[in-house]
Amino acid sequence: MNKPAVAIDIEQPNLPDGFNEIALKSGGYPYDTPLKRKVYDAELDALHYELVKLQTHVRKTGMRLVIVFEGRDTAGKGGCIRRFTRHLNPRHARVVALSKPNETERGQWYFQRYAKHMPTRGDIVLFDRSWYNRAGVERVMGFCTEDELADFLREAPQFEGMLVRDGICLHKIFLTIGREMQLKRFHERRHNPLKQWKLSDMDKAAVNLWDEYTEAKDEMFRFTHINMAPWTVVRSNDQRRARLEVIRYVLSRHDYEDKDAKAIGTVDPLIVGSDTSFLHGSSKDALKTKTT
């Protein structure tokens with residue numbers, strides 16, 4: 001069992017001394033300190049200009065762009081999406097965050113409720129969680145049967161293959177964090193009045209289900225990390241770095257008019273990756289890979 005290096009009770013008002021530092025380095029995260037705010041703001045401004053250029057390109061060419069955001073609870077999906085869309089035209093860049101299915105949707109083909117949200121020509125759609133709910137929350141919390149899970153793991157690559165063959169550009173991004181960082185963020189949600197709405201019953205249950213979610217994630221990657229629609233993992237212990245790297249990664253995958261490669265910079269290989277060390281290992285594994 002993956003136990004935190006320092007045990008905490010999120011109901012207690014104060015974290016143990018030094019826990020913030022432990023949390024940042026948890027999971028073998030490769031940076032000792034968070035990115036400074038001044039650096040973050042400057043880089044984010046530059047990337048926002050590039051995102052507007054990318055949206056102009058999407059509109060001109062009729063591209064259909066889909067970005068799926070999945071990840072550990074508290075990993076920062078919502079924050080990344082908000083920074084991504086901040087200066088985009090909302091008429092042609094929308095966020096899809098579906099609630100639990102209603103009675104009618106439960107009787108449909110599983111992928112049907114997601115398929116209807118796919119973009120038309122010239123539009124961008126960002127999924128704040130997606131059809132992968134079945135491989136994560138539904139599996140761990142017992143909301144689907146073993147047969148339904150097996151069907152999903154077999155059919156998800158087929159569904160995504162249909163999307164890509166039809167011309168949709170699909171990015172699948174998984175945000176991950178260390179165990180102690182997750183506990184720190186749960187603790188903040190519990191005690192910060194402005195964030196308490198984020199602490200759902202599912203979140204409270206997830207506090208003690210780290211290993212179960214790890215097993216679910218690993219199996220999901222084994223079945224759905226395919227050449228036509230691969231996963232990209234972003235290590236998100238430092239939210240500022242994660243937000244920049246998500247945007248930088250997407251921009252780096254597209255060519256568009258007046259693209260400023262210097263403003264975009266280079267995707268950080270210690271933060272972003274798709275190899276085995278990212279999909280099934282820790283940041284320490286990635287660091288060894290880069291230095292040996």
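Worth knowing before you read on, the calculation uses all heavy atoms, side chains too, and leaves out hydrogens, waters and symmetry mates. Along the sequence shown, residues are numbered consecutively beginning with 1. From a predicted model like this one, the values you see are computed outputs, not experimental measurements.
Between His191 and His187, the angle of the ring planes lies from 30° to 60°, which puts this pair in the tilted group.
Every salt bridge (charged side-chain N to carboxylate O under 4.0 Å, His left out) that Glu219 has, sequence neighbours left out, goes to Arg139. Scored by the ring-ring contact (aromatic ring centres under 6.0 Å, His included) test, His117 finds no partners at all (sequence neighbours excluded).
A salt bridge is defined here as a Lys NZ or Arg NE, NH1 or NH2 lying under 4.0 Å from an Asp or Glu carboxylate O, and Glu70 with Lys217 fails to meet this definition.
There is no side-chain donor-acceptor pair under 3.5 Å between Arg86 and His48. A donor atom on one side chain and an acceptor atom on the other are not found under 3.5 Å apart for Ser200 and Arg189. In summary, the side chains of His280 and His225 do not present any donor paired with an acceptor at a separation below 3.5 Å, with no hydrogens or angles considered. With 3.5 Å as the limit, one finds a donor-acceptor pair spanning the side chains of Asp275 and Ser277.
Asp17 CG: 12 or fewer foreign heavy atoms inside a 6.0 Å radius.
Counting only heavy atoms from C-beta outward, the side chains of Phe159 and Tyr110 never approach each other to under 4.5 Å.
The cluster map of Ile, Leu, Val, Met, Phe, Trp and Tyr, joined by side-chain heavy atoms under 4.5 Å apart, puts Tyr132 and Met141 in different clusters.
Every pair passing salt bridge (charged side-chain N to carboxylate O under 4.0 Å, His left out) that includes a residue from residues 151-173 is listed here, sequence neighbours excluded: Arg64-Asp166, Asp151-Arg154, Glu160-Lys172.
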